[in-house]
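See structure below.
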Amino acid sequence: MYEKNGDKYFVVDAHVHLWDGRESNQRNIHGKQFIDCFYDYHRNLSPEEEVWDYDTYCYYGPDRFMHDLFTDGPADHAIFQATILRDFYVNGFAQVDDSFKLATDNPDKLTYNHAYDPRDGEQGLDQLRRDAEAMHLQGVKLYTAEWHGDSRGYKLDDHWSRRYLEECIELGIKNIHVHKGPTIRPLDRDAFDVADVDKVATDYLDLNFIIEHVGLPRLEDFCWIATQESNVYGGLAVAIPFIHTRPRYFAQIIGELLYWIGEDKILFASDYALWNPRWLVDRFVDFQIPEDMTEYAPITVEQKKKILGLNAAALYPNIKVPEELRIPTAAADPGAEVATGAQDTVTS
């Protein structure tokens, strides 16, 4: 249980990985480009004392994962978001077997979300059905810019993508996590555009769309969509490390999110091992909007508690929040209300 300044926080890290980016697993130059780009994000946005050496970063393994998140880390629960990248890695970037085993062995601490690619057609749908049954999936992670043969991305509202989303509804997979953020070499920036979120969120109200990285660098587009679509949420992975290198930029990000989509639809995520969650949580708990940025209201402790864990826990019934740490408005219906100012702006 994370505690600071007399306040207790139930922390859910809603976006974590266990990966293998080593040369032995790289299928081609693109596998190296991808892990190198990841490392640049890590090295350039982390405090100096939190920077790992390159070899450890490429492969850190299950033991370090558990230590950094739970033993030495702040998390009460964490959610795997698998990134497979079959065209770049021999055995996939995500260590699926190890990740699923960790989640199976530690159900009180870990939830496993698998991945699919709608370009796999009917064969992929059959695999999704098998995976949903075997893994008891509550969520999936989609990478719309992932390469697939000659294809360098797809849209959420493509025909086959819609077929898969409809199958998710049938299978009881409610949480659709979608990477819609900064590009990663060699993937294409435009394949992460957020516009297709608007269409599927409108058409599939039985699903929750958690937009990872809050659409950066398209924050404004994301906010307008998420304000109007009650089932669209924002994940702070990649956004929150700017709390260190560009605190005023992070203030703008979190200020805009709170104004537009409200405190009940923002989820903390470290994107481990891109960043260690310990320092991110420490910085966020202490963070406040600079006084001269008067367009944004101060962030309250209650809002921070929701963002750091209660909002994610409300989307995943298997995550149990201790009674004394629950906030009734967060547990009842996250995302039901929109920030007052934004609601007035959009609906008037």
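In this text the structure is predicted, and so the values were computed from the model without any measurement.
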Point to revise | Full working for side-chain contact (heavy atoms from CB on, under 4.5 Å) between R189 and R218 | key: CA-CA 11 Å; R189 177 180 179 273; R218 307 171 183 88; 3.5 Å; yes
Please determine whether residues [X] and [Y] belong to a single hydrophobic cluster, defined as Ile, Leu, Val, Met, Phe, Trp and Tyr linked transitively by side-chain heavy-atom distances below 4.5 Å.
X	Y	result
I184	I29	no
Y41	Y59	no
L205	L207	no
V90	L18	no

Ring centers of [X], [Y] separated by less than 6.0 Å:
X	Y	result
H177	H179	no
Y272	F65	yes
W147	H30	yes
F34	W19	no
Y154	Y143	no
F93	F88	no
F80	H17	no
F250	F287	yes
F222	W260	no

Hydrogens and angles aside, do [X] and [Y] bring a side-chain donor and acceptor to less than 3.5 Å of each other?
X	Y	answer
Y204	E166	yes
H15	D271	yes
N113	Q81	yes
Q138	T111	no
E256	Y296	yes
S270	N276	no
D55	Y60	no
N175	N208	yes

Check your understanding: Run the side chain to side chain donor-acceptor pair (under 3.5 Å) check on Y112 and H114 step by step: do they pass?
Key -> CA-CA 6 Å; Y112 180 75; H114 199 43; 2.6 Å; yes
Practice item. With side chain to side chain donor-acceptor pair (under 3.5 Å) as the test, would you mind laying out the steps for Y54 and D36 before giving the verdict? Key: CA-CA 9 Å; Y54 180 77; D36 285 356; 2.5 Å; yes
Could [X] and [Y] be called an ion pair, given the rule that one side-chain N must be under 4.0 Å from one carboxylate O?
X	Y	answer
R185	D40	no
E50	R278	yes
R86	D120	yes
K141	E212	no
D193	K155	no
D286	K4	yes

Review point. Please walk me through it: do D157 and K199 pass salt bridge (charged side-chain N to carboxylate O under 4.0 Å, His left out)?
Key: CA-CA 7 Å; D157 61 324; K199 300 176 183 179; 3.2 Å; yes
Exercise for review: Using the side-chain contact (heavy atoms from CB on, under 4.5 Å) rule, take R326 and L310 through it: C-alpha gap first, then chi angles, then the decisive distance, then the call.
Suggested key: CA-CA 7 Å; R326 298 175 188 174; L310 299 181; 5.7 Å; no
Is there a donor-acceptor pair closer than 3.5 Å between any side-chain N or O of [X] and the backbone N or O of [Y]?
X	Y	result
Y9	V301	no
N311	E263	yes
D13	A78	no

Practice item. Please step through side-chain contact (heavy atoms from CB on, under 4.5 Å) for the pair K180 and L216, ending with a clear verdict. Key: CA-CA 7 Å; K180 292 289 189 180; L216 294 177; over 6 Å; no
Practice item. Show the numbers, then the answer: is there a ring pair (Phe, Tyr, Trp, His ring centres under 6.0 Å) between Y233 and F209? Key: CA-CA 6 Å; Y233 299 73; F209 293 89; 9.8 Å; no
Practice item. Would you check, one step at a time, whether the test salt bridge (charged side-chain N to carboxylate O under 4.0 Å, His left out) holds for K320 with D76? Key: CA-CA 10 Å; K320 306 302 181 185; D76 294 288; over 6 Å; no
